Enquirer: 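The structure is given below, and queries will be raised subsequently.
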Amino acid sequence: MLKRNVPLLITGLIGVFLIVANFFPSLSAMSEDFTVFFGIIAAMAFVLGGGSLLKVHLKKISDRNAGWAYSLIVLGTFAITLAVGLLKIGVPPNPGFPDKPWSGSVNADGTAFEWIYEYALKPLSATMFAMLAFYIASAAFRAFRAKNIEAILLLGTAFIILLGRTFAGYYLTGWIPIDGPFSGLRIEELSVYIMQVFNTAGSRAIIIGIALGIASTSLKILMGLDRSYLGGGN
Amino acid sequence: MNVHQTSWRAGRGLRRIALATIALFAAPSFAMAAPPAPTNVEASDVTGDSGGQAIVTWSAPANAADITGFQVWRSETSGETAARNASERTAALAAAEAQAFENEQKRLVDVEGLSPEEAAPQSRAVARQAAIGLARTPDALTVTETGPHGTHWLLVDTVSPNVDSLVVSKLDPTTSYTFIVYSVAPDASGRPERSAASEPSNAVEPVAAVLNLYRLPLLIILLALCGVVLLFILLARRGMPLKIRTIAGLAAVDEAVGRATEMGRPMLYINGIQDMDDLQTVAGVTVLGRVAKTAAEYDAKIEVPTSRSLVMSAARETVQASYLTAGRSDSYNPDLIYYVTDEQFGFTAYVSGLIVRDRPAACFYMGAFFAESLILAETGNSVGAIQIAGTAMPSQLPFFVAACDYTLIGEEFFAASAYLSGQPDQLGSLKGQDLGKILVGVVLIVLVTLATIAAVTGSEQIESLVSTIKTVILGG
Amino acid sequence: MSMVDRLANIDRRWIFLMMGLAVAVPIIYIGITGKTLPEQPTPLAQAAFDELDKLPPGSRILLAWDFDPASEGELGPMATSFVRQCCQRGHRMYFLTLWPVGTQMIQKTASLVIDGFYPDLEYGTDWVDLGFKAGNEAVIKTIATDFGQMFPNDSRGTPIESIPMMDGIVSISSFDAIVNVSAGYPGSKEWVLYAATPYKKPLLVGCTGVQAPQMYPYVPLQVQGLLGAIKGAAEYESVVNAWVRRDTVETLLEEAGVDGADAGTLTKDFFDDPEKLKSWLAEPAAGGLTEAKRASLVQAVQGVEPGIFLEAQRRMGPQLVAHLLMIALILAGNAVYFVTRRRGGAR
């Protein structure tokens with residue numbers, strides 16, 4: 001009972017306080033403190049997270065599960081990055097404090113940490129991101145079906161946008177005079193129009209719905225009507 | 001904007017006349033004189049705000065015909081002074097170090113005959129020692145230079161010549177500020193020239209009001225929207241019949257879990273990549289509770305890799321409670337809910353790999369997603385998993401719709417908790433939310449109609465009405 | 001197994017391979033041959049060119065480079081082309097930035113275009129790098145009336161009084177046009193609101209694809225030319241490149257003593273039929289040209305455009321093929337869908 005009620009009480013009180021603080025400026029400094037508290041709690045939770053990471057991968061290694069060598073790599077790179085960052089390896093002192101060897105920033109140019117970021121993390125992230133192009137192609141092949149009128153409209157719009165952003169758009173409708181009354185029918189002009197009008201209108205409607213959903217969910221959580229995030233639900 | 005342009009042109013015209021007059025009658029020394037400084041510079045706090053704003057007013061000097069603008073400057077805070085001193089100190093040290101390096105390098109190369117590459121390490125060491133020496137010399141790096149009235153000032157903004165006040169924002173509500181104003185006018189050669197600094201204003205502390213009046217409209221909107229939600233919750237408690245349409249994505253949860261059980265393969269649940277302070281993550285944890293309960297009933301294995309430690313903790317609590325509710329607390333394994341990494345694409349790489357290796361029978365993506373949405377959903381699709389997604393990220397919805405079997409779009413995702421619980425309280429809140437939507441729609445239609453009428457008829461009254469409503473609603 | 005069945009059950013790795021090829025082949029092909037797709041400028045790109053073109057040589061152009069390395073892939077090529085047009089036209093260029101890392105972007109464009117292709121342009125006389133100034137739109141508002149207040153020195157620390165081309169620069173009004181390449185805030189919108197509109201200065205904007213929809217409403221009254229993302233850059237680049245070639249040939253012909261009007265006609269002839277250039281070079285009229293100038297003439301008519309001035313058009317190659325592949329895949333997917341559905345219906 002206590003385990004359930006105390007978190008509910010904390011959520012309700014602090015939530016209401018944060019809303020009220022929005023209108024009473026003298027309370028806003030305190031509301032900023034709560035944001036800092038969240039950062040501190042999240043940092044503490046990272047110990048849990050790091051522990052969980054170690055446990056999962058050490059277990060994989062000791063059990064010689066399939067792919068255990070990858071776990072070894074995970075733990076190895078984790079340890080190296082942690083050491084490089086914590087020990088400030090290769091960090092020159094801050095020019096303002098040349099006699100304090102640890103005064104420099106770990107992100108400064110030419111440090112080992114920056115090297116890891118620049119030559120390992122960035123290319124790896126870019127690779128993962130670039131894979132999107134492949135997945136978009138396979139999703140387009142599989143999912144984009146002209147099943148009904150709406151889907152056909154969607155398909156037509158997609159073609160206009162895809163063509164409008166390349167030379168093909170010009171090639172197909174370049175014969176329409178650019179300063180004539182029908183210039184709006186040129187594919188490149190149409191694609192701009194679609195993005196500017198239809199796309200914006202549609203996403204605004206979704207965003208308004210989402211905003212109301214967020215407001216009502218927050219209200220339920222603050223009032224303790226929705227306690228499912230604490231486990232179990234009722 | 002129009003007013004501004006007119007005044008600019010008038011300024012230019014007057015300037016020409018003034019210059020001509022000067023050329024005809026005035027002594028040369030008068031033509032070279034700097035413009036007169038503004039007078040009566042006063043500062044006061046903006047009342048009814050959330051603090052951090054002050055209003056500065058001044059009087060334009062008497063013979064101000066050719067003034068092209070005013071510059072408003074404010075005093076530094078102690079923090080800004082400290083930061084400026086620190087950066088000047090750093091720059092002085094860096095310069096001293098560079099100079100020492102250059103001298104030593106020159107000496108080693110020219111006198112000792114070393115090659116520049118050989119000399120560099122020693123030169124660097126000497127330069128560093130020189131910087132250390134300087135840093136330890138008392139008073140060697142004290143900054144002495146100051147501005148008008150013996151203190152440093154920071155430029156706030158430049159305003160047109162026809163303006164005589166400025167609201168300065170982004171100030172620290174706990175610090176006291178003074179202001180000075182310069183007038184700017186072209187000199188004889190047409191270059192802008194600043195006047196002497198005005199007398200400093202009185203000191204003002206931009207304190208916060210008890211109640212921020214500028215946010216009152218927001219408070220009213222908030223109360224109206226929350227009010228309808230509360231009203232319907234109350235009505236629901238009193239027994240008002242409520243119906244909710246079937247949300248296919250949520251109805252399919254049982255099917256997905258059942259299939260995983262039949263196939264004897266695990267299920268994968270991804271709670272987005274944001275932390276617990278994002279409401280989408282909270283909504284995702286809610287749905288997880290339900291999925292885990294069904295999984296516990298069917299005795300299916302559910303794996304939850306998370307990209308935030310806090311989410312891992314919350315998910316463990318939820319899943320444990322679900323197993324308990326299902327009466328299967330002995331089957332609960334906390335090791336299946338684990339933290340991977342905060343790094344977006346690191347997490348994506350891990351989950352994609354996991355999907356390919358473990359070939360889960362069902363994948364759930366519930367929470368805040370970014371560019372990884374399609375990578376995950378397509379990988380899941382490639383192993384033939386039944387996939388259900390829910391997110392309120394408008395830019396990612398098309399990807400989930402394309403690659404998943406069911407998608408909870410935006411508000412459906414937030415409605416999941418109410419839908420799954422089936423309690424009247426919760427369903428009432430959904431009804432209230434619908435009424436809120438109608439309210440927003442009505443306001444939208446009315447204002448768009450008004451703005452359109454204003455644009456078509458060019459009526460200034462309607463236009464000013466629209467802009468007043470806009471400032472009132474969006475103000476503060 | 002029929003063709004349709006095979007397509008329906010295609011291993012997605014084939015699609016991945018196709019997409020890989022659709023991107024890689026154009027990159028490699030364009031890299032080797034240097035050939036790019038022809039671009040037809042939209043009115044917005046053409047307007048950007050015309051605005052700088054109609055100003056007389058020696059006009060003062062303020063170039064605000066408000067972007068960073070992250071958006072350089074999208075914005076770098078248009079920045080290069082803007083500078084190229086200014087250099088060729090003989091405008092005086094004043095670079096500045098409101099983004100801290102914008103200084104690197106200025107240096108990069110300057111070293112690529114000015115140092116690489118217009119080495120006779122002199123720093124301080126033909127172009128100046130005023131560097132970064134913190135303060136976002138307050139900087140624009142201040143230089144609108146008093147330029148020297150915000151920029152007492154250039155980025156190298158030289159006081160502006162000792163920079164010849166800064167003579168007469170007192171405020172935004174001293175410039176003839178503003179060019180802004182922007183990746184966000186502060187950027188295009190701020191230049192429209194605080195500089196170009198109140199002081200009625202022509203403003204040319206190059207921005208990322210995400211920003212472009214926000215900028216369209218300002219065209220054509222407040223923004224005279226707008227380049228959206230790499231597509232806009234490619235269009236503008238093709239206009240600038242074609243013009244630079246013609247302009248180079250015309251200048252060389254005029255140097256050889258051909259009358260201005262005739263030089264124009266001859267230039268057109270040369271581009272229509274490069275053979276005519278060969279025969280013209282043998283004529284006595286070409287006698288006034290040195291060997292080196294003859295070589296430059298042939299180069300200007302027939303030579304390959306340097307790679308850096310084709311970057312935007314090159315990037316359009318993979319984009320075109322990838323988009324066409326997407327359309328083909330969608331059509332193929334639908335064909336499979338309809339055939340299978342018809343079969344299902346017949347059964």
Side-chain angles (χ1 to χ4, degrees), chain A residues 19 22-26 28 38 41-42 45-50 52-53 55-56 59 66-67 70 94-99 121 124-125 128-129 131-132 135-136 138-140 142-144 203 206-210 212-221 225-226 228-234, chain B residues 50-51 86 89-90 93-94 128 131-132 135 208-212 215 219 225-226 229 275 277 279 282-283 285-286 289 309-310 312-314 317-318 320-322 324-325 335 338-339 345 348-349 357 371 374-375 378 392 394 402-403 410-411 414-415 417 421 425-426 429 432-433 436-437 440:
Chain A
I19 293 175
N22 196 30
F23 301 99
F24 292 89
S26 48
S28 68
F38 178 82
I41 296 170
F46 183 76
V47 178
L48 282 179
S52 146
L53 184 90
K55 189 176 170 192
V56 166
K59 192 165 181 299
Y70 297 119
N94 183 324
F97 303 91
D99 50 341
L121 191 66
L124 285 171
S125 299
M128 281 309 290
F129 186 54
M131 279 168 63
L132 255 183
Y135 289 117
I136 284 181
S138 75
R142 211 193 55 250
F144 230 144
S203 37
I206 292 184
I207 290 169
I208 291 175
I210 288 172
L212 285 168
I214 289 180
S216 135
T217 309
S218 308
L219 187 69
K220 283 186 292 179
I221 289 178
L225 290 174
D226 181 352
S228 46
Y229 66 99
L230 289 173
N234 319 314
Chain B
S50 57
R89 182 189 134 92
T90 305
L93 281 167
R128 211 174 142 228
I132 292 174
V210 178
L211 174 66
N212 186 349
R215 290 199 180 153
L219 182 64
L225 289 180
C226 292
V229 173
D275 218 328
D277 56 345
L279 206 64
V282 178
V285 173
T286 300
S309 310
L310 270 187
M312 176 191 82
S313 309
E317 290 285 329
T318 306
Q320 188 178 14
S322 299
L324 196 70
T325 319
D335 287 348
Y338 53 90
Y339 166 79
F345 287 113
T348 313
R357 284 192 301 273
L374 187 69
I375 300 180
E378 268 298 295
E411 50 187 319
F414 291 116
S417 155
S421 75
D425 281 5
Q426 298 252 36
S429 76
Q433 200 177 315
K437 227 187 291 179
V440 172

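Since the structure is predicted, the reported quantities are computational estimates derived from the model, not experimental observations. Every chain is numbered from 1 and lettered A, B, ... according to where its sequence line falls, protein lines coming before strand lines. Just the heavy atoms: all of them, side chains too, but no hydrogens, waters or symmetry mates, feed the values below.
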Enquirer: Tell me, out of A:I206, A:L219, A:L48, who's got the most heavy-atom pairs with chain B below 4.5 Å.
Expert: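 Most heavy-atom pairs under 4.5 Å with chain B: A:L219.
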Enquirer: Which one wins on heavy-atom pair count under 4.5 Å against chain A: B:A94, B:P394, B:S417?
Expert: B:S417
Enquirer: Measure across A:A139 and B:L374 and return the closest heavy-atom pair with its distance rounded to 0.1 Å.
Expert: CB-CD1, 4.2 Å
Enquirer: With only heavy atoms counted, which part of B:L225 is less than 4.5 Å from chain A, the side chain, the backbone, both or neither?
Expert: side chain
Enquirer: Do you know which two heavy atoms are closest between B:Q433 and A:S216, and how far apart they sit?
Expert: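 Result for this residue pair: OE1-OG, 3.0 Å.
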Enquirer: Closest approach of B:Y338 and A:S52, non-hydrogen atoms and distance?
Expert: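 That closest heavy-atom pairing would be CB-OG, 3.3 Å.
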Enquirer: Could you grab the distance from atom CG of A:D226 to atom CD of B:Q426, nearest 0.5 Å is fine?
Expert: 4.5 Å
Enquirer: I need the residue from B:L211, B:V282, B:V229, B:L324 with the largest number of non-hydrogen atom pairs under 4.5 Å to chain A.
Expert: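 That would be B:L211.
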Enquirer: Test side chain to side chain contact (heavy atoms under 4.5 Å, CB included) on B:V210 and A:F24; report intermediate values, then the result.
Expert: CA-CA 6 Å; B:V210 178; A:F24 292 89; 4.2 Å; yes
Enquirer: Is any side-chain heavy atom of B:D335 closer than 4.5 Å to a side-chain heavy atom of A:V56?
Expert: no
Enquirer: B:F414 versus A:L212: any side-chain heavy-atom pair under 4.5 Å?
Expert: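 A side-chain contact under 4.5 Å is absent here.
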Enquirer: Taking all atoms of both residues into account, what is the closest heavy-atom pair of A:L53 and B:Y339, and its distance?
Expert: CD1-O, 3.7 Å
Enquirer: Quick one: closest heavy-atom pair of A:S138 and B:E378, and the distance?
Expert: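 Shortest heavy-atom separation between A:S138 and B:E378 comes out as OG-OE1, 2.5 Å.
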Enquirer: Which answer fits A:A42, side chain, backbone, both or neither, if we ask what part of it has an atom under 4.5 Å from a heavy atom of chain B?
Expert: both
Enquirer: Just give me the residue among B:V440, B:V285, B:L279, B:T348 that pairs up with chain A most often, heavy atom to heavy atom, under 4.5 Å.
Expert: B:L279
Enquirer: Which atoms form the tightest heavy-atom contact between A:I210 and B:A392, and what is the distance?
Expert: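 Distance-wise, the nearest heavy atoms are CD1-O, 3.2 Å.
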Enquirer: With a 4.5 angstrom heavy-atom cut-off, could you sort out which part of B:L310 is near chain A: side chain, backbone, both or neither?
Expert: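 For B:L310, backbone and side chain are both near chain A.
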Enquirer: With respect to chain B, which residue among A:Y70, A:F46, A:F23 yields the maximal number of heavy-atom pairs within a distance under 4.5 Å?
Expert: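 The residue among A:Y70, A:F46, A:F23 with the greatest pair count is A:F23.
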Enquirer: Counting heavy-atom pairs closer than 4.5 Å to chain A, which one of B:A86, B:S313, B:S309 comes out on top?
Expert: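 Answer, by heavy-atom pair count under 4.5 Å with chain A: B:S309.
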Enquirer: Can you tell which part of B:A209 gets under 4.5 Å to a heavy atom of chain A, answering side chain, backbone, both or neither?
Expert: backbone
Enquirer: Sort out for me which of B:G436, B:G410, B:A283, B:S429 touches chain A most, counting heavy-atom pairs under 4.5 Å.
Expert: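 Top count of heavy-atom pairs under 4.5 Å with chain A: B:S429.
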Enquirer: Could you tell me which of A:K220, A:K59, A:M131 has the largest number of non-hydrogen atom pairs under 4.5 Å with chain B?
Expert: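 It is A:K220.
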